[in-house]
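Here is how names work: the chains are called A, B, and so on, in the same order as the sequence lines, proteins then strands, and each is numbered from 1.
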There are 2 protein chains.
Amino acid sequence: MKIGQATIKDIANELGVSSSTVSRALKDYPGISDETKRKVKEVAERLNYRPNAVALSLRKSRSYTIGVIIPEVVHFFFSTVISGIEEVAQARGYNVILSQTNESLDREKSSIDTMLSNQIDGFLVSFSKETTDFDHFEKLLNFGFPIVFFDRSPDLKESISVTVDDYQGAYEATTHLIHQGYTSIAHLKGPSKLKISQNREKGYRDALYNHGIEVNEDFIVECAKGTNEEAYGVAEALLKNPQTKPDAFFASNDMAAVGAMMACKNAGIKVPEEMGIVGFSNWQFCSMIEPSLTSVAQPGYQMGVRSTTLLLDIIEKKIEYDSVKDPIVLNTELLVRKSSVRM
Amino acid sequence: MKIGQATIKDIANELGVSSSTVSRALKDYPGISDETKRKVKEVAERLNYRPNAVALSLRKSRSYTIGVIIPEVVHFFFSTVISGIEEVAQARGYNVILSQTNESLDREKSSIDTMLSNQIDGFLVSFSKETTDFDHFEKLLNFGFPIVFFDRSPDLKESISVTVDDYQGAYEATTHLIHQGYTSIAHLKGPSKLKISQNREKGYRDALYNHGIEVNEDFIVECAKGTNEEAYGVAEALLKNPQTKPDAFFASNDMAAVGAMMACKNAGIKVPEEMGIVGFSNWQFCSMIEPSLTSVAQPGYQMGVRSTTLLLDIIEKKIEYDSVKDPIVLNTELLVRKSSVRM
DNA sequence: TTGTATGCGTTATCAA
DNA sequence: TTGATAACGCATACAA
């Protein structure tokens with residue numbers, strides 16, 4: 001009685017044929033008379049028949065639904081990824097079921113459980129900051145259950161991931177600052193546990209090293225939360241002490257970069273004349289603030305598209321899971337704006 | 001064979017009892033010996049049993065899943081709404097299946113169709129800009145299918161919606177500008193078709209009227225896309241002509257406000273001294289740009305929470321659909337920053 | 001070319 | 001206190 005949901009049976013009754021005939025006619029199976037096909041389709045149309053996806057899922061153990069596990073929706077980068085995921089999924093006839101973990105491991109696990117009980121066909125996951133142990137994923141992978149990790153990739157053999165070239169992005173950003181004549185470059189780094197943070201830090205270190213600049217460990221400070229308030233405090237502390245006062249900031253994310261910029265303004269330090277600043281992610285506001293913020297753009301939408309395409313190809317067995325040996329790494333792009341260009 | 005998915009049958013076989021006994025034992029039905037219950041639960045635990053949600057959906061015609069139809073994910077306001085939706089849904093044991101329409105009516109319709117065939121329990125929808133005819137929703141409502149509209153509400157009797165008090169927000173914003181001594185206030189309005197745009201315009205008009213300021217129709221310009229580029233062009237055109245040059249902008253969204261601000265900067269007009277600017281939505285960047293942007297904050301997260309709570313209450317028949325007579329309107333808050341405060 | 005029977009995993013009804 | 005059976009909507013192996 002749901003929403004005029006006619007079933008195959010209804011059509012069968014109406015025409016006085018069996019439901020298997022109807023089923024076959026609707027799917028253009030060979031060995032069904034054109035006459036029957038025509039009639040069945042006509043009635044189906046008239047009754048506004050829509051196949052019941054749930055029954056199909058049960059029957060086929062396939063739901064044409066993929067589960068997306070994401071730390072936070074209210075995050076520009078992640079929202080662009082979701083957008084890419086949605087696009088591809090919809091185009092290929094898949095539903096997207098979304099769960100945000102708020103960076104909590106418990107929620108990550110429970111979301112995975114409920115999604116599994118919903119017979120989803122595969123996972124797209126960016127795990128939480130709390131996740132350091134990957135057993136819950138490994139178990140699934142061992143069963144051959146398709147998972148594609150994006151942005152944050154685990155240290156697991158046999159796992160497929162789509163990430164951004166954090167190292168390269170950080171390397172270019174730092175090099176850019178060096179070329180602009182900044183020499184005491186501080187790094188506001190992200191949560192140490194995340195590989196993306198580690199890679200960015202490494203890019204920063206290598207850039208300094210390769211340009212003959214010694215790394216000052218006092219210049220590397222973690223901003224775990226990634227808010228501008230947090231970074232403001234951190235930057236302020238660095239600026240206060242003449243011994244640790246840098247002449248540039250390379251931040252692991254844009255919010256932190258803005259926090260540093262505010263701290264500079266507040267301390268009467270001119271950006272970019274006396275202080276260069278570069279962020280990471282290229283949030284929308286980068287071009288809107290004054291001075292506009294140089295930032296490393298991450299192809300979020302592309303990441304969503306690539307990882308979803310990959311996942312669906314695996315699900316549909318267009319490609320073998322094991323054939324994807326190397327992690328997919330997307331290029332970043334340094335967008336140079338005012339905050340890092342000396343007059 | 002899926003992911004070690006043991007079924008009730010497996011447990012039954014293991015214990016040599018019938019599957020109905022197992023089913024009952026697991027749900028603590030009365031009339032099952034404690035002994036049996038214990039055994040069943042033990043085996044269930046050991047086999048890592050998880051009920052198959054798909055089979056349940058088929059059996060009960062309930063999926064514990066709600067469908068969310070949203071124009072755009074990459075939009076600060078909407079992403080906060082999604083966050084609120086997720087929060088409540090997860091807490092109450094529901095899945096969220098998400099579809100973004102990209103403001104296309106066709107996609108809206110097809111998403112609704114596929115979600116329906118997935119037996120979702122209800123809809124949370126913010127329809128597309130293209131949607132002017134609400135037949136596809138009305139049909140569902142007539143069947144008693146639960147839908148809660150958020151942010152954008154249709155002109156339909158018997159529809160439930162959770163919106164923001166756009167009129168009040170716009171009224172306050174405009175009044176604030178007037179109190180600051182701005183008199184020629186232009187309005188960059190949103191897509192005329194949307195009620196939110198209409199309400200904001202009305203708030204603007206009434207504020208002017210109530211303060212004895214005549215409305216200049218040349219000052220009201222539509223920015224349909226809502227990008228800063230578009231608004232930049234519009235503002236630039238207004239500023240060029242001395243006859244239409246305003247001394248303040250009230251924009252229907254923050255991006256447009258930024259566009260106007262850029263046009264002013266480019267024309268050498270000082271904000272806020274010579275030009276007041278107020279936006280709508282309070283995007284994250286408002287406090288980060290220079291001068292910081294006064295904006296009308298919309299409680300997006302709250303909107304998500306309220307509308308989801310409402311929908312689930314209706315689905316679970318905690319409240320009657322018809323008992324919700326009046327649309328729920330959430331209050332906005334004017335956040336005064338530098339862009340509109342004259343020294 | 002079409003129909004019958006069975007099963008996907010679960011629960012509700014009826015019987016024992 | 002427990003078991004057998006049917007049903008949710010569909011697809012398919014097998015029969016006719």
Side-chain angles (χ1 to χ4, degrees), chain A residues 1-41 43-44 47-65 113-114 116-121, chain B residues 1-41 43-44 47-65 113-114 116-121:
Chain A
M1 295 304 98
K2 301 267 306 179
I3 320 301
Q5 290 295 49
T7 72
I8 278 190
K9 248 188 216 166
D10 296 329
I11 302 178
N13 287 338
E14 183 110 356
L15 288 170
V17 298
S18 78
S19 48
S20 34
T21 302
V22 175
S23 171
R24 285 184 281 236
L26 287 171
K27 316 212 104 187
D28 285 323
Y29 258 57
I32 289 281
S33 75
D34 288 349
E35 176 62 6
T36 316
K37 267 190 207 171
R38 203 187 45 69
K39 277 197 222 157
V40 166
K41 288 186 176 173
V43 177
L47 298 186
N48 190 31
Y49 170 78
R50 298 265 168 274
N52 181 323
V54 173
L56 276 170
S57 298
L58 185 59
R59 182 72 229 267
K60 304 219 171 176
S61 299
R62 295 260 288 97
S63 61
Y64 289 92
T65 299
D113 267 2
T114 56
L116 282 176
S117 83
N118 274 81
Q119 307 291 102
I120 57 158
D121 299 340
Chain B
M1 292 308 95
K2 298 269 304 179
I3 321 301
Q5 290 296 48
T7 73
I8 279 190
K9 252 187 211 166
D10 297 328
I11 302 178
N13 287 338
E14 183 111 355
L15 288 168
V17 298
S18 78
S19 47
S20 19
T21 302
V22 174
S23 172
R24 285 184 280 234
L26 286 172
K27 314 212 106 186
D28 284 323
Y29 259 56
I32 288 280
S33 75
D34 288 350
E35 176 62 7
T36 315
K37 266 190 208 171
R38 203 186 46 69
K39 277 196 223 157
V40 167
K41 289 187 176 173
V43 177
L47 298 186
N48 191 30
Y49 170 77
R50 298 264 168 274
N52 182 323
V54 173
L56 275 171
S57 297
L58 183 60
R59 186 68 232 267
K60 305 221 171 173
S61 299
R62 295 259 287 97
S63 61
Y64 289 91
T65 299
D113 267 3
T114 56
L116 282 176
S117 83
N118 274 81
Q119 306 292 102
I120 57 157
D121 299 339

What's the separation between atom [atom1] in [X] and atom [atom2] in [Y], rounded to the nearest 0.5 Å?
{"X": "Lys37(A)", "Y": "Asp28(A)", "atom1": "NZ", "atom2": "CG", "result": "4.5 Å"}
{"X": "Asp10(A)", "Y": "Gln5(A)", "atom1": "CG", "atom2": "CD", "result": "10.5 Å"}
{"X": "Asn13(A)", "Y": "Ser19(A)", "atom1": "CG", "atom2": "OG", "result": "8.5 Å"}
{"X": "Ile8(A)", "Y": "Asn52(A)", "atom1": "CD1", "atom2": "CG", "result": "10.0 Å"}
{"X": "Ser57(A)", "Y": "Asn118(A)", "atom1": "OG", "atom2": "CG", "result": "9.0 Å"}
{"X": "Thr65(B)", "Y": "Ile120(B)", "atom1": "OG1", "atom2": "CD1", "result": "8.0 Å"}

What is the distance, rounded to the nearest whole Å, between atom [atom1] of [X] and atom [atom2] of [N]?
{"X": "Asn13(A)", "N": "dG3(C)", "atom1": "CG", "atom2": "P", "answer": "12 Å"}
{"X": "Leu47(A)", "N": "dG9(D)", "atom1": "CG", "atom2": "C1'", "answer": "15 Å"}
{"X": "Leu56(A)", "N": "dT12(D)", "atom1": "CG", "atom2": "C1'", "answer": "13 Å"}
{"X": "Leu15(B)", "N": "dT1(D)", "atom1": "CG", "atom2": "C1'", "answer": "15 Å"}
{"X": "Arg59(B)", "N": "dA7(D)", "atom1": "CZ", "atom2": "P", "answer": "10 Å"}
{"X": "Asp10(A)", "N": "dA7(D)", "atom1": "CG", "atom2": "C1'", "answer": "15 Å"}

If you look at every strand shown and take non-hydrogen atoms under 4.0 Å, does Leu58(A) touch a base, only sugar-phosphate, or nothing? base
Could you tell me whether the phosphate oxygens of [N], OP1 or OP2, come under 4.0 Å of any side-chain nitrogen or oxygen in [X]?
{"X": "Thr21(A)", "N": "dG3(C)", "result": "yes"}
{"X": "Lys9(B)", "N": "dG7(C)", "result": "no"}
{"X": "Thr7(A)", "N": "dG9(D)", "result": "no"}
{"X": "Ser23(A)", "N": "dA11(D)", "result": "yes"}

Sequence neighbours left out, what passes side-chain contact (heavy atoms from CB on, under 4.5 Å) with [X]? Give chain and number order.
{"X": "Arg62(B)", "value": "Lys60(B), Tyr64(B), Tyr94(B), Asp121(B), Ile315(B)"}
{"X": "Ser117(A)", "value": "Ala53(B)"}
{"X": "Thr36(A)", "value": "Thr21(A), Ile32(A), Ser33(A), Val40(A)"}

Determine whether Leu26(A) and Val22(A) satisfy the following criterion, side chain to side chain contact (heavy atoms under 4.5 Å, CB included), listing intermediate values before the conclusion. CA-CA 6 Å; Leu26(A) 287 171; Val22(A) 175; 3.9 Å; yes
Report, one pair per line, the protein and nucleotides 13-16 of chain D atoms (nitrogen or oxygen only) whose separation is under 3.5 Å.
residue : atom : partner  : partner atom : Å
dA13(D) : N6   : Arg24(A) : NH1          : 3.4

Once you build an axis from the first five pairs and another from the last five of the helix from dT1(C)-dA16(D) to dA16(C)-dT1(D), how far apart in angle are they, to 10 degrees?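 It comes to 50° between the two terminal axes.
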For Lys60(A) and Val17(B), take the nucleotide of DNA chain D holding the closest heavy atom to each; which residue's nucleotide lies nearer the 5' end?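 The residue mapped nearer the 5' terminus is Val17(B).
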Please examine the side chains of Leu15(B) and Ile11(B), heavy atoms only from C-beta on, and report whether any two atoms are closer than 4.5 Å.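 Yes. Closest side-chain heavy atoms under 4.5 Å.
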For the pair Lys39(B) and Asp34(B), find out whether any cationic side-chain nitrogen is under 4.0 Å from an anionic carboxylate oxygen. no
Mind listing the residues from residues 26-39 of chain B sitting with a heavy atom below 4.0 Å of DNA chain D? Number order is fine.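 Listed by number, they are Gly31(B), Ile32(B), Ser33(B), Thr36(B).
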